[in-house]
Amino acid sequence: MTADTTAPTKRQSERRRFRRHPAIELNAELRIKKGLFGEWLEVEPCDYSKLGISIESEYDLTAGQQVTLNITLKMLMGDIHVAKVEGVVKNKIESHPHPRYGIEFDYNASRHMKNIETKSQLGRIEGILERSEKLRLKTEVQPTP
């Protein structure tokens, strides 16, 4: 098992193949596929990997539903914005105050999602979040024994 995979002893209900990183610097908008047009809805990203994202949303989504996301990583030196990220809702967990949804990116959904630039940008976001989390953990004050 590589460092990127989730250890099976972590949680019995854990089904992720790859570790996700906290999404404290991410913003996301969601559009539910309904006809040609749909309005963009603000959602709260919870965690992220290049394969998917989990969000909290007051909007009701169902497993198997196709969605489109705009994802922005806020940074001091300039934001990384990836538009029209296609995904599929994989699960829903009831939580307070809003349900939490797991969305898997669908890299076969469109020409845009198959584009190496889109894949690269989604991977770049993961790398930056991973480095940010490692730095945060290093700088956290460790309790003395």
Side-chain angles (χ1 to χ4, degrees), residues 1-140:
M1 186 171 278
T2 65
D4 288 339
T5 59
T6 303
T9 58
K10 195 172 187 179
R11 282 191 359 208
Q12 192 70 340
S13 63
E14 186 64 64
R15 296 181 298 174
R16 289 190 192 117
R17 293 174 290 186
F18 297 92
R19 183 171 45 120
R20 287 198 186 151
H21 306 286
I24 57 173
E25 302 160 354
L26 279 181
N27 291 332
E29 297 175 306
L30 172 86
R31 185 172 68 194
I32 301 167
K33 291 195 173 208
K34 288 186 177 177
L36 293 177
F37 303 102
E39 71 178 280
W40 289 99
L41 311 167
E42 289 285 326
V43 295
E44 185 65 35
C46 301
D47 56 36
Y48 176 91
S49 82
K50 63 185 172 192
L51 299 177
I53 188 170
S54 72
I55 61 167
E56 286 187 356
S57 174
E58 63 189 75
Y59 309 103
D60 191 35
L61 305 174
T62 58
Q65 184 173 10
Q66 292 183 338
V67 296
T68 304
L69 296 154
N70 285 334
I71 301 171
T72 304
L73 176 63
K74 295 287 187 182
M75 299 186 336
L76 293 174
M77 300 298 286
D79 301 343
I80 298 174
H81 180 74
V82 187
K84 299 180 184 175
V85 177
E86 302 291 334
V88 177
V89 177
K90 289 297 183 176
N91 59 54
K92 175 182 180 179
I93 299 171
E94 292 296 334
S95 62
H96 182 74
H98 303 293
R100 188 173 185 160
Y101 298 96
I103 299 172
E104 181 178 38
F105 299 146
D106 185 356
Y107 286 103
N108 294 317
S110 66
R111 179 176 285 150
H112 171 70
M113 288 299 291
K114 291 177 183 178
N115 186 324
I116 192 72
E117 181 67 23
T118 301
K119 293 176 184 179
S120 174
Q121 290 293 81
L122 293 171
R124 185 170 171 221
I125 290 172
E126 179 182 42
I128 292 168
L129 289 173
E130 183 176 23
R131 286 189 298 278
S132 174
E133 178 66 5
K134 284 179 181 177
L135 181 61
R136 185 190 67 77
L137 291 173
K138 263 187 185 179
T139 59
E140 261 184 9

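Count residues from 1 along the sequence.
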Item to check | salt bridge (Lys or Arg N to Asp or Glu O under 4.0 Å) pairs, two or more places apart, involving residues 63-86 | outcome: K33-E86, K74-D79
Next on the checklist: Using side-chain heavy atoms (C-beta onward) and a distance below 4.5 Å, is L137 in contact with E133?
Outcome noted: yes
Item to check | Sequence-distant partners of D106, salt bridge (charged side-chain N to carboxylate O under 4.0 Å, His left out), two or more places apart | outcome: none
Next on the checklist: Let me confirm one number: the OG-CD1 distance from S54 to I103, rounded to the nearest 0.5 Å.
Outcome noted: 8.5 Å
Next on the checklist: I'd like to check the side chain to side chain contact (heavy atoms under 4.5 Å, CB included) partners of R124; sequence neighbours left out, ordered by chain and number.
Outcome noted: I80, Q121, I128
Next on the checklist: My understanding is that only residues two or more places apart in sequence, or in another chain, count here; which of them pass side-chain hydrogen bond (donor to acceptor under 3.5 Å, both in side chains) with T72?
Outcome noted: H81
Checklist entry - So how far is it from E104 CD to L51 CG, rounded to the nearest 0.5 Å? => result 7.0 Å
Next on the checklist: Using a 3.5 Å distance criterion without hydrogens, assess whether the side chain of Y48 forms a donor-acceptor pair with backbone atoms of L122.
Outcome noted: yes
Checklist outcome for this item: dist N91:CG -> L61:CG (nearest 0.5 Å) comes out at 11.0 Å
Checklist entry - Is a side-chain donor or acceptor of S57 paired with a backbone partner of V43 at a separation under 3.5 angstrom? => result no
Checklist entry - Sequence neighbours excluded, which residues qualify as side chain to side chain contact (heavy atoms under 4.5 Å, CB included) partners of T62? => result Q65
Checklist outcome for this item: Sorted by chain and residue number, the side chain to side chain contact (heavy atoms under 4.5 Å, CB included) partners of E29 (sequence neighbours excluded) come out as W40, E42, N70
Checklist entry - What residues, two or more places apart in sequence or in another chain, satisfy side-chain hydrogen bond (donor to acceptor under 3.5 Å, both in side chains) together with H98? => result none
Checklist entry - Looking at side-chain heavy atoms only, is the closest gap between Y101 and V67 below 4.5 Å? => result no
Item to check | All side-chain hydrogen bond (donor to acceptor under 3.5 Å, both in side chains) counterparts of E58, not counting sequence neighbours | outcome: none
Item to check | Results of side-chain hydrogen bond (donor to acceptor under 3.5 Å, both in side chains) for E94 - residues two or more places apart only | outcome: K92
